[in-house]
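In listed order, ligands and their atoms are each counted from 1. Values reported hereafter were calculated over all heavy atoms of this structure, with side chains retained and with hydrogens, waters and symmetry mates removed.
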Amino acid sequence: MCSLFGIVAPDLPVADLTYLALYALQHRGQEGAGISVSNHGQIQTYKQLGLVPQVFTETVLRQQLIGQMAIGHTRYSTTGSGHVVENLQPLEFSLDGMPFTVAHNGNLVNQFELHSELTERGYRFKTSSDTEIVGALIAQFSGLSFEEAIFAATRKIKGAYSLVFLTPDRVLGMRDPYGIRPLLLGKMGNHYMLASESPAFDIVGGKLIRDIEPGELVSITDVGVETKMYEAQTKRRMCVFEYIYLARPDGDLYGRNVYKARRRMGEQLALEHPVKADVVIGVPDSGTPAALGYAKASGIEYEEGLIKNRYVGRTFINPDPMVRDLGVKIKLHPIREVIEGKRVVVVDDSIVRGTTSRKIVSLLKQTGAAEVHMRVSSPPIVSPCFYGIDTASYDELIGARKTPAEIARYLGADSLGYLSIEGMVKAIRLSDDQFCMACLNGKYPIEVPASMKREKNLLTEPAPPAVA
Ligand code: AMP
C-alpha cells in the first residue's frame, strides 16, 4: 500500500503540512513514516518506525525539517522487511552530485532481475526495498538531466509505481503507464501538491485538481507546475481494490467519490443477493457504506450491530497470523440487543483469507443471531496482487481455493453472496477497461515474471480448479 505526499510552498511550514497530510493517509501504511525537506537546496530527511504522530515530534518538525518544499511517505511493506528502519522512505541518492530523495507506492515486478543487474554492476544495496532500485537506476544515468534520468529509468522498471521525488529545487510525481496505484494533483492558493488520496489535500486546506494520468510526470516548482508524458503507450488500469477497500471513503478517484461508489456496490449487492432478514449490519468501518446501500435497496432496516474499538489498529496489517487472529476479538464487539433472535445480514467489503468473516459469523451466532447471511460488496478475490497490495499468497486466498458454497460452509454462514464483477463496475460508474482487476479475474495488465509468481505460491497458470 503506502502513501505519498509532496508540496512546494516557500511561504508555508511545509513539514507541518506534510505531517498533517500523512496523518490523513495513515491508513495506507502504519509501519513507519518519513519526510524529506529541501531548505534552500539542502535536503534533510527524517524517518522512523511507528505511526505518524509517534514519528514526528514538534521539535523534529520545527527544528530539523525546515524547508520550502517537502515529500512524505507512510510505509506498509509489500517487499522487503517491514520493521526495519533502513527500508523506510524517502530514500536518499544523488545524480552527478545533486541530491534527491524518492518515495514509492507500488511494486516492481522485475525487481529481482534489476537487483541482480545493479549488483553485478557494483551497486551495493542498503535496503531490501524495491524503491532503492528506482533511485539507484536514476543515480547511474550520469550526464543526463534529472528528468531525462527518470525517463531512462522508467524504460527499465516494470510494475506498479507511483513515485514522488524531491530535488533541491522541485518536487516531482509520476504514475506508471497503467496508473495502477493512485496519485493526485492538488492546489492550495498558488501552491501545488501531490497525494495518494484527496483527503490529504482537504486536511491542509487545499483542494483536488485532478488525477495524475498514467505515464505522466509532473514537476512542481515555486513558479508552478509542468507536465510531460514520458510514455506514449498508456492505459488507465487503476487498482479496483482502491474503491473496494483501500482508499478513504471521503476521497475521489477519477472523479468518483469512494463512499458513494461503495454505497452503490451495497445497493447492487442487495439486487443480486436478496434474502429475507430482520436487520442489516456492516462490519465497521470498511463494510459500513455497502451495508447502508444494501439496507436501502432491500428495505431491511440498517442497525449498528458491531462496535469497533478504535484504539486497535487494522489487525490485518499485522503480518503475524497469531496476532491477527487475536486482533479480531479485541477489535469488534456485538450489540446483543440488535442481534439476538434476529435474521442478520452482515456486509463486509471483501473476504481475503476468510479469517475475519469466520470469526464475525461465529461471534454473531454466539450472540444469539437466528440466522447469519454474509454479503460481500466485492467479487471473490481469486489471485494475488503483485502490484503493491498485501492480498496474501495464492495458497492463503480462500476465494482461489473454494467455491462460494464451500466458503459459506467454512464461515458457518446460512448463506453467502458476493457482488458480481459487472455489478461492481456498474456501481463505480467507470467502464471496466479502466481498472486492474487481476485480484478478481487473474488478468494481469503488466506481465508478472515466474520468479515473482513463485514468491506468492502461484506456480500454475491458470489457477487450478476449486477444491473442497
Ligand atoms: P480476511 O480475514 O483475510 O478475509 O480479511 C478480510 C478483512 O480484511 C475484510 O474485513 C477487509 O475489510 C480487510 N482487508 C481486505 N484487504 C485488506 C488489505 N490488503 N489490508 C488490510 N485489510 C484488508
Side-chain angles (χ1 to χ4, degrees), residues 1-3 25-31 74-79 82 105-107 160 180-181 196 239-249 258 262 265-266 269 281-291 305-306 308 312-332 346-364 374-402 404 406-408 410-413 416 418-419 436-440 456:
M1 300 208 270
C2 296
S3 72
L25 297 171
Q26 182 79 81
H27 61 289
R28 297 181 74 87
Q30 298 154 4
E31 289 169 3
T74 62
R75 176 165 165 85
Y76 176 72
S77 60
T78 44
T79 66
N105 174 202
N107 198 38
I180 295 202
R181 307 255 63 90
S196 297
C239 167
V240 78
F241 215 64
E242 293 282 347
Y243 286 99
I244 294 172
Y245 169 80
L246 279 183
R248 286 174 60 128
V258 175
R262 288 182 189 158
M265 291 188 211
L269 182 61
I281 65 169
V283 179
D285 295 317
S286 55
T288 306
L306 292 166
K308 184 172 169 178
V312 185
R314 275 191 178 184
T315 53
F316 189 105
I317 229 133
N318 190 315
D320 185 319
M322 207 274 282
V323 180
R324 198 160 38 214
D325 274 10
L326 282 176
V328 178
K329 288 189 199 140
I330 304 166
K331 201 168 153 180
L332 290 172
V346 55
V347 183
D348 204 357
D349 65 284
S350 57
I351 295 181
V352 182
R353 297 171 176 86
T355 327
T356 312
S357 310
R358 190 174 196 214
K359 294 216 160 90
I360 288 169
V361 172
S362 135
L363 191 66
L364 296 173
M374 184 85 207
R375 292 293 178 271
V376 187
S377 58
S378 67
I381 298 172
V382 296
S383 290
C385 179
F386 298 99
Y387 305 143
I389 300 186
D390 180 15
T391 46
S393 68
Y394 176 78
D395 281 348
E396 295 166 309
L397 286 175
I398 195 166
R401 322 281 318 164
K402 293 181 193 285
E406 290 162 352
I407 298 172
Y410 171 80
L411 301 181
L416 168 68
Y418 283 99
L419 184 61
C436 170
M437 297 196 273
C439 60
L440 310 177
K456 292 222 179 182

Notebook entry, point to check: Between Arg262 (side chain) and Tyr243 (backbone), is there a donor-acceptor pair under 3.5 Å?
Noted result: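 Such a contact is found between Arg262 side chain and Tyr243 backbone.
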Checklist line | Arg181 side-chain N/O to Asn107 backbone N/O, donor-acceptor pair under 3.5 Å | finding: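 Looks like no, no N/O pair under 3.5 Å.
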Using a 4.0 Å cut-off to any heavy atom of [X], which atoms of ligand 1 qualify?
| X | result |
| --- | --- |
| Ser350 | 6 (C), 9 (C), 11 (C), 15 (C) |
| Ser286 | 12 (O) |
| Asp348 | 9 (C), 10 (O), 12 (O) |
| Thr356 | 1 (P), 2 (O), 5 (O), 6 (C), 7 (C) |

Next item on the list: Under 4.0 Å, heavy atoms only, figure out whether ligand 1 is touched by the backbone of Asp349, its side chain, both or neither.
Entry: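 Answer for Asp349: side chain.
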Item checked: Proximity to ligand 1 by part of Ile389, non-hydrogen separation under 4.0 Å ->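 Side chain only.
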Margin query: Between Glu242 and Arg28, does any side-chain N to carboxylate O distance fall below 4.0 Å?
Written below: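 A salt bridge links Glu242 with Arg28.
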What I want to know is whether [X] and ligand 1 share at least one N or O pair that is separated by under 3.5 angstrom.
| X | result |
| --- | --- |
| Val283 | no |
| Ser357 | no |
| Ile351 | no |

Next item on the list: Only counting residues at least two apart or in another chain, list the ones meeting side-chain hydrogen bond (donor to acceptor under 3.5 Å, both in side chains) with Ser377.
Entry: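 side-chain hydrogen bond (donor to acceptor under 3.5 Å, both in side chains) check on Ser377 returns nothing, list empty.
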Next item on the list: Test the Arg358-Tyr410 pair against the cation-pi criterion, namely NZ or CZ under 6.0 angstrom from the six-membered ring centroid and within 45° of the ring axis.
Entry: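 Here Arg358 passes the 6.0 Å and 45° test against Tyr410.
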Note to self: Going by side-chain contact (heavy atoms from CB on, under 4.5 Å), name the residues that satisfy it together with Ser378, two or more places apart in sequence or in a different chain.
What the structure shows: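 Testing Ser378 for side-chain contact (heavy atoms from CB on, under 4.5 Å), a comparison that skips the adjacent residues, returns Ile244, Ser350, Val376.
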Margin query: Minimum distance, heavy atoms only, to atom 1 (P) of ligand 1: which one of Lys359, Arg353, Arg358 is it?
Written below: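 It is Arg353 whose heavy atom sits nearest to atom 1 (P) of ligand 1.
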Notebook entry, point to check: If you measure only the distance, is there a donor-acceptor pair under 3.5 Å linking the side chains of Ser286 and Asp348?
Noted result: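 Note: Ser286 and Asp348 side chains meet the donor-acceptor criterion.
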